[in-house]
2 protein chains.
Amino acid sequence: MRRPLIRKLEKFARLSHADKEMLVKIAAQRVRRFSAREDIIHEGEKPEFINLINEGWACRYKTLEDGRRQIIAFFLPGDLCDLNVFILQEMDHSIGAITPVVISEISRAAFDEMTIGHSRIAQALWWESLVAAAIQREWTVNLGQRDALERMAHLLCELFIRLEAAGCTSNSSCEFPLTQTELGETLGMSTVHVNRTLQELRASNLIVLKDRTLTIPNLQALQDVALFNPNYLHLDREGRHLDANEE
Amino acid sequence: MRRPLIRKLEKFARLSHADKEMLVKIAAQRVRRFSAREDIIHEGEKPEFINLINEGWACRYKTLEDGRRQIIAFFLPGDLCDLNVFILQEMDHSIGAITPVVISEISRAAFDEMTIGHSRIAQALWWESLVAAAIQREWTVNLGQRDALERMAHLLCELFIRLEAAGCTSNSSCEFPLTQTELGETLGMSTVHVNRTLQELRASNLIVLKDRTLTIPNLQALQDVALFNPNYLHLDREGRHLDANEE
DNA sequence: GCTCGACATTAACATAGGTAAGGTCGTTGC
DNA sequence: GCAACGACCTTACCTATGTTAATGTCGAGC
């Protein structure tokens, strides 16, 4: 088993054996499967659970009255949807599967059980939700300031680094299930321009993207094109520099 | 005194007298003043406090290496910066004053004092932070899908409704301190185009904007232009429809 | 092996919005 | 009283990106 959540949280907090057992237990409860392109929860419904993505890619999206669709966030293995969502009366957006997806639903009670008496987990979960907020902010910068090429490069850098943190990459490659239409809905550009932009990145040898597999031969080079600064992902563990026994 | 925080939180939760006293007390502690355009906290610094805006407008922003600046969020009276920020090692963005600003710094200890034993306050604060996240998501939609006119109209609707919730409007008018440059940095467009867009809204009698005062004669009409759906602001109090004694 | 649908690609043309440059006006400082 | 400045406004021109539509590729099912 891969346990991407544990893998990711350990980037931030040192988890005890008991902490990890608790996380394994939570991930094994209330498991649900969705097929590709199926909605996990839809705008207007009342959220009853925090969703934990165990396998597959999902996304948050919103649709305007006239049909335009914007993808607002991607959920990768190990990602949690929204701590505390229970508080809200209804969803103001939808969450849909990109690939076939396996999730665990976490109830309010399960969340309390998981955090009370496990302060490291609680801290790590708040960290993860602060990072999610930081990612959303960076997307605002991306859409507001970067041009198409920079925007695409930035998204690819971010996804690759997040997948790496969840243990879903090998060397410089990862699975990449997004269609060009979905990339367009994410980056606020037409599919035609998505295509042009990908061609340009390929022509500069910055990416290889074929058969749903993305390879980034030189991540630093791609980051340079994107004006990508990884600080917003906060992947520096608290006190990391103080500890000699790092993996 | 205006107490915009209490005013806003009451849109969501029914606060007891003791709850309100606690909020008044918190807002009176560690008060700091900043002049217009001064930074409140800068990218790279370690966040030690949650900032509560008592008076004035502030913004979150990020600057790219080459100088492009994106405003990521506005903080209006009654807004809180980020619950739980203490967890992060360093700020990945800056917060700056737009107008002269009065804030209260809330330490971790003060935050605990304010929430433990005041579950209504705790709930209301989580609600406020979920709304802030929803606003950030809506900005993503705004930048990704709406054109310049819709985008501007949407921002104006949002700001007006948020100011209303904080008690900072009178009839259909509010103070509006943003320059056209700042609007451009918010909406990802040039000042020239901001100007064109404002002219267009004025010509359609959708707004009056003069001498730092914004008037929206027909909010519904502006919302229609913007494809504005207020659901993301979650201004519907839990159980509101069950209670006869609403103000 | 054929057909179909999903996705990718390409070209020709159209336009929203950017850039550069300059002008007006009101406020502040001296 | 006037220089300096910042906000706002305007015009002319240019380009990044959108639109439309035709064509190509490939895997799934029959």
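Numbers restart at 1 for each chain; the letters A, B, ... are given by sequence-line order, proteins then strands.
- Contact check of residues 147-154 of chain A against DNA chain D (heavy atom, cut-off under 4.0 Å) returns A:Asp147, A:Ala148.
- Within the 4.0 angstrom heavy-atom criterion, no nucleotide atom of any strand lies near B:Arg68.
- Sorted by first and then second residue, the salt bridge (Lys or Arg N to Asp or Glu O under 4.0 Å) pairs involving residues 177-192 of chain B (not counting sequence neighbours) are B:Arg37-B:Glu182, B:Arg69-B:Glu185.
- Residues A:Leu143 and A:Thr186 share a closest heavy-atom pair of CD2-O, 4.1 Å.
- No contact: A:Arg37 has no heavy atom under 4.0 Å from any strand.
- Other residues, nucleotides and ligands contribute over 12 non-hydrogen atoms within 6.0 Å of the CD atom of A:Glu43.
- In the 5' to 3' direction, nucleotides of DNA chain C lying under 4.0 Å from heavy atoms of chain B begin and end at C:dG17 to C:dA20.
- When heavy atoms are screened at a 4.0 angstrom cut-off, A:Gly184 is found touching no nucleic acid atom at all.
- A search for ring pair (Phe, Tyr, Trp, His ring centres under 6.0 Å) contacts involving A:Phe74 returns A:Trp139, not counting sequence neighbours.
- Tested against A:Phe176, the residues A:Ile207, A:Leu163, A:Leu209 include a single side-chain contact (heavy atoms from CB on, under 4.5 Å) partner, A:Leu209.
- In this structure, a donor-acceptor pair under 3.5 Å is absent between the side chains of A:Glu138 and A:Asn142.
- The side-chain contact (heavy atoms from CB on, under 4.5 Å) test with B:Leu183 is passed by exactly one of B:Thr191, B:Thr197, B:Leu198: B:Leu198.
- Note on A:Asp82 versus A:Arg60: salt bridge recorded, some NZ/NE/NH1/NH2 to OD/OE distance being below 4.0 Å.
- For the segment residues 189-200 of chain B, residues with any heavy atom less than 4.0 angstrom from an atom of DNA chain D are, sorted by number, B:Val192, B:Asn195, B:Arg196, B:Gln199.
- In this structure A:Ala27 satisfies the side-chain contact (heavy atoms from CB on, under 4.5 Å) test together with A:Leu52, A:Asn54, A:Ser104, sequence neighbours excluded.
- For the pair A:Arg146 CZ and D:dA16 C1', the interatomic distance rounds to 18 Å; values are reported in whole Å.
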In sequence, state the C-alpha distance, the side-chain angles, and the governing distance for B:Gln136 and A:Gln136, and then conclude on side chain to side chain donor-acceptor pair (under 3.5 Å).
-> CA-CA 7 Å; B:Gln136 199 69 61; A:Gln136 198 69 60; over 6 Å; no
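- Side-chain polar atoms of A:Arg196 and A:His193 form a donor-acceptor pair below 3.5 angstrom.
- As rounded to whole Å, 13 Å separates atom P of D:dG18 from atom CD of A:Glu185.
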